[in-house]
Amino acid sequence: MTASNLGKLVRNAWAPASALALMSLLAAVDVAAANRLEDVQFASTSSGGVDIVLTMTEPAGDAGIFATEEPPRVAIDLPETSNAVEKRRIAVGTGAASAITILEAGGKTRVIVDLFRSTPYETRAQGNQLILSLGAAHSGVAQAVQSSAGSPMDPARTVGEGISVQGIDFRRSQSGGGLIVMNMNREGAQADLRDSGDGVTVLFDKVNVPDANVQRLDVTDFATPVQTVTLDRARDGARLNIATAGTYETVVYQTENEYVLEVNPLADGSVASGPGSLLTEEESYAGTPVTFNFQNIPVRTVLQLIAEESGLNIVAADTVSGNVTLRLVNVPWDQALEIVLRAKGLDQRREGNVVWVAPQAELATYEQALADARLALEQRAELATEYVAINYGSAEDIANLLTTEAKRAQGGLAGGTQGQPISAGFLSARGSVSFDKRTNTLLINDSAEKIQEIKKLIALLDRPVDQVLIESKIVIATQSFARELGASFGVTGAREDSNGNVLATSGSLGSAAFLTQQALNNRINGQSSGLPVTPTGVTQQRLNVNLPVLSPTGSIGFALLGHSYLLDLELTALEEEGNGEVVSSPRVITANQQEAVIKQGDEIGYVKATDQNGFITRTIEFKEVLLELKVTPTITQDGRVALDLFVKKDELAGFISVADQDVPQITKREVTTSVLMDNAQTVVIGGVYEFSNREDVRKVPFLGDVPFLGNLFRKKGGRNEKAELLIFVTPRILTANSSAGR
């Protein structure tokens, strides 16, 4: 265990003064010791390590070994073994070893090696001797070390010998990490993990890899820190190479014949609070990280160690038994507990700081028995009847909510007749509920306990609904500007020359003919042919150019009468400017999630003619010209308002004559939308902006293009129009108190 709290646990447990407490912790069963530890020796090796030799009367059998990093220690458990070594503590001071402590309790002996620093280690058996090598793998014994009987040590196979890889699997964990799972043919595989920061290498001592399992997996598509996974043979066993990308954290555990390694991503190089999840459910773990390295340790002992680390009271059922092999590195204690439970088919139930651990089937049977007993009590409970008055809601609606079979009642109490009961739902199997529409009352028949539960639910449901005041403004703004310039110009004249020819000019044929007739009259009256003919005639007929402003706001006229001619000139001008604004402000109050509609306007009537077999039938029909607001508000949990809105503003634009009938022409403006707003916030939910710019020129060809003088031969007009439509909405939440005060 690497956590400081667990370090204190180990430090206190292994202190000589607390030896009896540790012995009681390790004693799973009290059996008579069949083996005996007779001697403990140590010797340095040529590679700088140290070998610690335990000599017993018989082979060690299933010895358990685990290590801690704070403080650094290695412990060996010898089951069913008594201690015959006189010294309880042996000073070493060689290599990484500081001292050796020997403890015995309940037919089990534990040998604890205190270290100066964490160091690699391995164990191997030679006859009746068990050798712990610290600091160098396969170091052997450099110096002659014998037991007290003087017999030399015989070579024997190591712990991992005879193990082979049965399969390797890769999958993506729920935390986004890469999960590598290796299955062995049996437990006891010794693994050495080396993390270089750019990749992870795991060496398995004396583990065989069959040809079918020598493979390389490209797992880039899984989007994890793991890029490739390569399993091949090494000189002394198996090698697992994992190529990574980015920053990551490794979590490893070993349960019996399964070795699991998870490579979790770290965001921006930060330190993760713990592994994402090695389990199937999406869980988060917050326990203190621990490191366990146990070989064939009793499950009950692991549970006691976790209880000391977590501060919880763990109660294990009598059926919790068996041993487990664990290798957990930097794993939160609560996740370590889950792993142990899953490995042995156990489950837990927690109440406060007490955790009950038992097999899953046993817990399921216990909980099923509790549920059956509860149902049996409900079946035997006495029924009671209670009347609950509903203040704000509908008794019929609440009765339907309390049942799963939402049958509509056949009517409430009328003249003392009760509505038909509805059963099931929140009620018990024997319960029923009916309602009285007239008094808005629920009639509940059920056990007293169920009635109290239903009354609490009704108190939650039967409360005043908040209301919403929706204020809206529809603004239609128009702006127009027009300017026109026009001119009327005419030259009229007539003259009789010395030869008796009459020359006449005017703005029209009629005016010229009139002048010619006047000249002939002068001749008939005996007037001299050299006398001028007086220009006369209708003014409009004398105009050569007639482009006036139709409705001028200003005009000026000029006339020049000569001896034989008349010059007419009139200039007209118009400038028009208009600004208009129409504001409509509909307001409506409605309950939460209830639609409200408000309308205002006129109906325009018109005559419609229908031909039926040659007979014309005339009827009067109407078209609505309305200002309408339709809204459904929803108050959110955070105090905002969601609105489903429909706003319409119609105007009568005029009438269109169709077959001698006048049909109204209606200008429509409307918007349909959904919007989420803060309380009392005003927003523009819609707007239309229109702009029109028009220029017109009417002129006499060629003459109208002459500079300066061309203004007498053309008419100019320009018009600018702007129209803008804006719709403003403001919702205000009215609570029960605020709406009552309005």
For [X] and [Y], which heavy atoms make the closest approach, and how far apart are they?
| X | Y | value |
| --- | --- | --- |
| Arg438 | Asp436 | N-OD1, 3.1 Å |
| Ile733 | Gly639 | CD1-O, 3.5 Å |
| Val468 | Pro731 | CG1-CB, 4.1 Å |
| Val729 | Ile470 | CG1-CG2, 4.1 Å |
| Pro586 | Leu627 | CD-CD2, 4.4 Å |
| Thr224 | Arg172 | CG2-CG, 3.6 Å |

Looking at side-chain heavy atoms only, is the closest gap between [X] and [Y] below 4.5 Å?
| X | Y | result |
| --- | --- | --- |
| Ile454 | Leu402 | yes |
| Phe435 | Thr441 | no |
| Ile390 | Leu442 | yes |
| Glu581 | Ile476 | no |
| Val683 | Phe728 | no |
| Ile589 | Leu734 | yes |
| Ile458 | Ile398 | yes |
| Leu725 | Ile474 | yes |

Atom pair [atom1]/[atom2] of [X] and [Y] - distance to nearest 0.5 Å:
| X | Y | atom1 | atom2 | answer |
| --- | --- | --- | --- | --- |
| Met677 | Leu643 | CE | CG | 6.0 Å |
| Arg719 | Glu576 | CZ | CD | 5.5 Å |
| Leu676 | Thr636 | CG | OG1 | 6.0 Å |
| Ser657 | Asp662 | OG | CG | 5.0 Å |
| Ile444 | Ser432 | CD1 | OG | 9.5 Å |
| Thr682 | Lys473 | OG1 | NZ | 9.5 Å |

Check your understanding: Distance only, no hydrogens: is a donor on one side chain within 3.5 Å (strictly under) of an acceptor on the other, for Thr572 and Ser555?
Key ->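 No.
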Exercise for review: Any chance you could lay out the side chain to side chain contact (heavy atoms under 4.5 Å, CB included) test for Leu629 and Leu645, step after step, and finish with the verdict?
Suggested key: CA-CA 8 Å; Leu629 171 64; Leu645 278 166; 3.9 Å; yes
Do side-chain atoms of [X] reach the backbone of [Y] as a donor and acceptor pair under 3.5 angstrom?
| X | Y | value |
| --- | --- | --- |
| Ser692 | Asn720 | no |
| Ser585 | Ser472 | yes |
| Arg714 | Ala487 | no |
| Asp462 | Gly393 | yes |
| Asn440 | Ala395 | yes |

Do other residues, nucleotides or ligands put more than 12 heavy atoms under 6.0 Å from [X] [atom1]?
| X | atom1 | result |
| --- | --- | --- |
| Gln681 | CD | yes |
| Leu460 | CG | yes |
| Asp221 | CG | no |

Using a strict cut-off of less than 4.0 Å between a Lys/Arg side-chain nitrogen and an Asp/Glu carboxylate oxygen, indicate whether [X] and [Y] qualify as a salt bridge.
| X | Y | value |
| --- | --- | --- |
| Arg669 | Asp650 | no |
| Lys437 | Glu396 | yes |
| Lys649 | Glu651 | yes |
| Glu453 | Lys450 | yes |
| Glu628 | Lys648 | yes |
| Arg694 | Asp696 | yes |

Practice item. Tell me whether the guanidinium CZ or amine NZ of Lys722 lies under 6.0 angstrom from the six-membered ring centre of Phe691 and within 45° of its axis. Key: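 Output no; distance or angle outside limits.
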**Study point:** Test log, rule side chain to side chain contact (heavy atoms under 4.5 Å, CB included), inputs Arg430 and Leu383
**Key:** CA-CA 8 Å; Arg430 297 185 299 158; Leu383 297 180; 3.9 Å; yes
List the atom pairs, with distances to 0.1 Å, where a side-chain N or O of residues 590-609 and a protein N or O form a donor-acceptor pair under 3.5 Å, not counting sequence neighbours.
| unit_1 | atom_1 | unit_2 | atom_2 | d |
| --- | --- | --- | --- | --- |
| Thr590 | OG1 | Gln594 | O | 2.8 |
| Asn592 | OD1 | Ile635 | N | 2.8 |
| Tyr606 | OH | Glu621 | OE1 | 3.2 |

**Study point:** Evaluation steps, side chain to side chain contact (heavy atoms under 4.5 Å, CB included), between Glu471 and Arg732
**Key:** CA-CA 8 Å; Glu471 299 176 304; Arg732 302 182 189 276; 3.0 Å; yes
Exercise for review: Under the side chain to side chain donor-acceptor pair (under 3.5 Å) rule, collect the residues that match up with Thr619, sequence neighbours excluded.
Suggested key: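 Once residues adjacent in sequence are excluded, Thr619 has no partner under the side chain to side chain donor-acceptor pair (under 3.5 Å) criterion.
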Check your understanding: Would Lys715 and Glu484 satisfy side chain to side chain contact (heavy atoms under 4.5 Å, CB included), going step by step from the backbone distance to the final call?
Key -> CA-CA 7 Å; Lys715 174 186 176 181; Glu484 294 185 32; 3.6 Å; yes
Review point. Taking only residues two or more places apart in sequence or in another chain, which ones pass salt bridge (charged side-chain N to carboxylate O under 4.0 Å, His left out) with Arg618?
Key: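 Partners of Arg618 by the salt bridge (charged side-chain N to carboxylate O under 4.0 Å, His left out) criterion come out as none, since no residue qualifies.
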